[in-house]
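Have a look at the structure below, then the notes.
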Amino acid sequence: MIHLSNIHKSYVTGANKLHVLKGIDLIIEQGELVSIMGSSGSGKSTLLNILGILDDYDNGLYKLHNTEMNNLSEKKAAYYRNNMIGFVFQSFNLISFKNAMENVALPLYYQGVNRKKRNKIALEYLDRMGIKDWAEHLPSEMSGGQKQRVAIARALITNPKVILADEPTGALDSQTSLEVMDLFREINKSGITMIIVTHEKDISERTDRVIRLRDGIIENGQYN
Amino acid sequence: MFDIDKWQEIYSTIKKNKLRTFLTGFSVAWGIFMLIILLGSGRGLENGIKKQFEQDATNSIWIYQGQTSMPFKGLKPGRRIQFTNEDYDITKRDNVKIENLSARLNVWRQRILSYKNEYGNYDIISVHPGTKALENIKVLEGRFLNDIDIKESRKVVAVSLVVKNALFKDEEALGNYLKINNIPFKVIGLFEDGSERDNQRVYIPVSSAQKIFTGGVEINNLAFTAGNASAEESIELENEIKNQFANRHKFDKEDQRAVFVNNNIEEYKKFLNLFAGIRMFVWIIGIGTIIAGIVGVSNIMLIVVKERTKEIGIRKAIGATPNSIIGLILLESVAITAFAGYIGLVLGVGLLELISPYVQSDFFRNPEADFRIAVSATLLLIISGTIAGFVPARKAASIKPVEALRDE
């Protein structure tokens, strides 16, 4: 499903060169529930961005679903992000002037699905998340847990192969965090690969496999 | 274009920054408003001048007698040139290109017209039939003078509506006799002229005037039309006829004061060129103003893109293509420009329509922005909006999603 070999990434700021990823080799199979852990600066967010084609890498090979993700045009990258990947962020990243339903429906807008149809689908997903009654509310009128559910619904609506979550519980209280993790496990059972970046032990313990990053290399990729 | 989501987004960003959008839009609206006012005023001036010309035939050339200012073959300067019937006959015989040739002899000494007990002082002008075309006269009833009137020196008169109303009141003028210095002339026609001054007159045959009032064969001036001659051709014709006069009346061809020529074609074309120049000038000023507006809109759009960096990043993360982002920014820019510009357009046209009745004068009438101008202005607005949005849109499209998401 995900195949990384010898991925290198550095950031150049002025005269300084920061080598963030120093040769990542990683295979994640379809349907896995994986967490990536590491201290800040270990390169875990960078790795997630590369996995999500939000960022490019300097060296190495990245295959997603048997397609090489290298030197993609913006248009191709947009296509893969839209069709294969769903994102869940720490700060939710909902669009403030759109209500919950419209936020969820947005990925389908970029697939050219008409308004009526995509709003109907969005409502189904909100129902699955248990927040159908909030469909007409703006993000500012919702709690953190509700917002994250909207974001998850948005990630799921295109039926992606993999969901990438970057500190999905970082802005939530522990009770809500557990609920969100239960939701993730449930989604994972339907066959979607889940990759969660976190630094909370509680969260990583609830995944099947923990990948520990340290100074840009994988220290440990054990199964729980 | 008619995608409700895009409009919803544009509406929401505009709503968030009402004052900013208003100020930006205002600069564009002002630009278009000024352009319309300037173009309309230019058109008003043009209409006024055109109207002035239309009082007479625009293709007429008038020749007046003068005084020599240069010695010629032993003749001293200061000689008065006098036109006679010979000038009319020879000019007619020798110039095939000219039409509607008419001599003119003003009857100055006898100016009293009367019908029954009504008296009035009006210009009595004796002419050939060509004057009908030269003066652009509209015959309301009966007919204008004709060649037989001239040949037989008939005592007939064509009166203007103004004269008829003053002397005949409600009575029928046609067929009745109008007394000119107590000599009865039969009224054969009733006319109207575009010029107020030219309505204060009656026309009689030049031959009759010479026999009855002035005696002799003298005339005051000659006029003719030159078909559809261009300005250059008319000047050529003018010079040719001037030379004929120089030969006949024995004055130097270079003498500028022996005869005076008033070439309407040349004047008319000059004015047309002048107005083309004014129009171009107005467009340049107007477009300059609009460019200032474009820069304003472009600036605002850059700020909008900056403020929406994160949002654009989110969109890209969930699959927005660069083209869809460009489209969004461009559409917003065009929408602001077109909407604001349209308000300026409507206000400009409205103001012109409103003040139009109050500013009518001889040299300024019917200021208007016609359909063509409105269409050009609209096109200009859409192009402006696209130009204004181009740089910001490209900037937005080049945003990397990861950078956008980092932006807090």
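Quick note on labels: first sequence line is chain A, next is B, and so on, each numbered from 1.
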Determine whether more than 12 heavy atoms belonging to other residues, nucleotides or ligands lie under 6.0 Å from atom [atom1] of [X].
X: B/Phe281; atom1: CZ; result: no
X: B/Arg279; atom1: CZ; result: yes
X: A/Lys63; atom1: NZ; result: no
X: A/Asn66; atom1: CG; result: no

Heavy-atom contact with chain B under 4.5 Å, split by part of [X]:
X: A/Leu94; result: backbone
X: A/Tyr80; result: neither
X: A/Lys76; result: neither
X: A/Asn83; result: neither

Heavy atom to heavy atom, less than 4.5 Å: which residues from [range] reach chain B?
range: residues 150-157 of chain A; result: A/Arg154
range: residues 118-149 of chain A; result: A/Arg118
range: residues 102-112 of chain A; result: A/Glu102, A/Leu106, A/Pro107, A/Tyr109, A/Tyr110

Which value, rounded to the nearest 0.5 Å, describes the distance between [X] atom [atom1] and [Y] atom [atom2]?
X: B/Lys310; Y: A/Asn93; atom1: NZ; atom2: CG; result: 4.0 Å
X: B/Ile314; Y: A/Ser91; atom1: CD1; atom2: OG; result: 7.5 Å
X: A/Ile95; Y: B/Arg315; atom1: CD1; atom2: CZ; result: 4.0 Å

Contacts under 3.5 angstrom, residues 323-345 of chain B side chains, donor-acceptor by atom type, not counting sequence neighbours:
| unit_1 | atom_1 | unit_2 | atom_2 | d |
| --- | --- | --- | --- | --- |
| B/Ser324 | OG | B/Thr321 | N | 3.4 |
| B/Ser324 | OG | B/Thr321 | O | 2.8 |
| B/Glu332 | OE1 | B/Thr13 | OG1 | 3.3 |
| B/Glu332 | OE1 | B/Arg308 | NH1 | 3.2 |
| B/Glu332 | OE2 | B/Thr13 | OG1 | 3.3 |
| B/Ser333 | OG | B/Gly385 | O | 2.5 |
| B/Ser333 | OG | B/Gly389 | N | 3.2 |
| B/Thr337 | OG1 | B/Ser333 | O | 2.6 |

Closest approach of B/Ala320 and A/Ala78, non-hydrogen atoms and distance?
O-CB, 3.5 Å
In terms of heavy-atom proximity below 4.5 Å to chain A, should B/Lys400 be classed as side chain, backbone, both, or neither?
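B/Lys400 touches chain A through side-chain heavy atoms alone.
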Between chain B and each of A/Asp166, A/Asn82, A/Thr158, count heavy-atom pairs under 4.5 Å; write down the option with the most.
A/Asn82
Hey, which of B/Ala317, B/Pro322, B/Pro401 has the most heavy atom pairs under 4.5 Å with chain A?
B/Ala317
Can you confirm whether A/Glu74 sits close enough to B/Ser398 that some side-chain heavy atom of one is under 4.5 Å from a side-chain heavy atom of the other?
no
